[in-house]
Amino acid sequence: MIILETERLILRHLMPSDLDDLWALYTDPEITKFIPDAPRTRQEAQAELEWHMHGHPKNPQLGLWATIHKATNKFIGRCGLLPWTIDGANEIEIAYTIARAYWGQGLATEAAHAIRDYGFVKLNLTRLICLIDSENIASQRVAEKIGLSFDKASRDEYGPFLVYAIERELR
Ligand SMILES: CC(C)(COP(=O)(O)OP(=O)(O)OC[C@H]1O[C@@H](n2cnc3c(N)ncnc32)[C@H](O)[C@@H]1OP(=O)(O)O)[C@@H](O)C(=O)NCCC(=O)NCCS
């Protein structure tokens, strides 16, 4: 199922045939460097895929979505909305990962921007966050470019991270 479309991208539910492409993402150490809970084996990637295939099992409107490059029809990443409990609060994260060959073209920003609008307009969410390693400058830039700003520092079982946040403007 297609979730949303941008000028250059289609975001849709993951499908079993995405496994090779999804696992290829996670075999790149430049990708997993700042994703502490990234799948470490093909089996874990398959479990992630199955978990998200029909949306997030606990909230099907959320989830990681296959990110397809329209010009090449290639799977180039997984982006979406993920639920977390951070410091006791329920939060929704805008998640984005793009294959290295496609970095630096504004594609993460394009996906994240559309996901932000989808969360606020379609899902009526009031606050969205990004969870970012303090050394992940590219991800901090993406968050800032779509209007998030530094909210606080936090940590979980994987270690410390920064929380960037944006509240929906209520009219
Ligand atoms: C973070 C990531 C998604 C960015 O993807 P991208 O498509 O290259 O991002 P964009 O092209 O939209 O660039 C966004 C901004 O970040 C900047 N940027 C990109 N890579 C950068 C880097 N290595 N260092 C500093 N800035 C960087 C770009 O210049 C751009 O800012 P600008 O418009 O002011 O120049 C990509 O690097 C990635 O997948 N990384 C690994 C996974 C990851 O860390 N995911 C996020 C977890 S929180």
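Whatever order the structure lists ligands and atoms in, that order sets their numbers, starting from 1.
- Residue contact check: I137 has heavy atoms under 4.0 Å from atoms 25 (C) of ligand 1.
- Ranking the protein heavy atoms by distance from atom 35 (O) of ligand 1 puts K145 NZ, 4.8 Å first.
- Inclusion of F34 in the set of residues having an N or O under 3.5 Å from an N or O of ligand 1 is not warranted.
- A 4.5 Å side-chain heavy-atom check between I86 and F161 finds at least one atom pair inside the cut-off.
- Protein heavy atom at the shortest distance from atom 37 (O) of ligand 1 is W103 CE2, 3.3 Å.
- Looking only at protein heavy atoms, the nearest one to atom 21 (C) of ligand 1 is A138 CB, 3.4 Å.
- Annotation: atom 39 (O) of ligand 1 to nearest protein heavy atom, I98 N, 2.9 Å.
- Heavy-atom proximity to Q105, at under 4.0 Å, picks out these atoms of ligand 1: 11 (O).
- There is no protein heavy atom less than 4.0 angstrom from atom 29 (O) of ligand 1.
- Geometrically, ligand 1 and Y102 share no nitrogen or oxygen pair separated by less than 3.5 Å.
- A salt bridge links D20 to R42: at least one charged side-chain nitrogen sits closer than 4.0 Å to a carboxylate oxygen.
- The existence of a salt bridge linking D87 and K152 is confirmed by a sub-4.0 Å separation between a basic side-chain nitrogen and an acidic carboxylate oxygen.
- Heavy atoms of L131 found under 4.0 angstrom from ligand 1 belong exclusively to the backbone.
- By the 3.5 Å distance cut-off applied to N or O atoms, V142 is not counted among the residues near ligand 1.
- Protein heavy atom nearest atom 13 (O) of ligand 1, with residue, atom name and distance: T109 OG1, 4.0 Å.
- Annotation: atom 7 (O) of ligand 1 to nearest protein heavy atom, A108 N, 3.0 Å.
- Against a heavy-atom cut-off of under 4.0 Å, I31 is close to the following atoms of ligand 1: 41 (C), 42 (C).
- Below 3.5 Å of separation, one finds no N or O of S139 facing any N or O of ligand 1.
- Within 4.0 Å of atom 16 (O) of ligand 1, at least one protein heavy atom is present.
- Annotation: the span from L81 atom CG to R116 atom CZ amounts to 12.0 Å, rounded to 0.5 Å.
- Salt-bridge formation is detected for the pair K70/E5: a Lys NZ or Arg NE/NH1/NH2 atom is positioned less than 4.0 Å from an Asp or Glu carboxylate oxygen.
- In the model, T109 has no side-chain atom that pairs as donor or acceptor with a side-chain atom of Y96 under 3.5 Å.
- Among T97, D28, L107, the residue whose heavy atom lies nearest to atom 42 (C) of ligand 1 is T97.
- Each of the following atoms of ligand 1 lies closer than 4.0 Å to a heavy atom of G104: 6 (P), 8 (O), 11 (O).
- Remark: E91 CD to L125 CG distance equals 11.0 Å, nearest 0.5 Å.
- Looking only at protein heavy atoms, the nearest one to atom 46 (C) of ligand 1 is Y96 O, 3.3 Å.
- Test L131, L62, L64, N59 against L82 for side-chain contact (heavy atoms from CB on, under 4.5 Å) and you get one pass: L64.
- Of all protein heavy atoms, the one closest to atom 34 (O) of ligand 1 is R141 NH2, 2.7 Å.
- Between G106 and ligand 1, at least one pair of N/O atoms sits closer than 3.5 Å.
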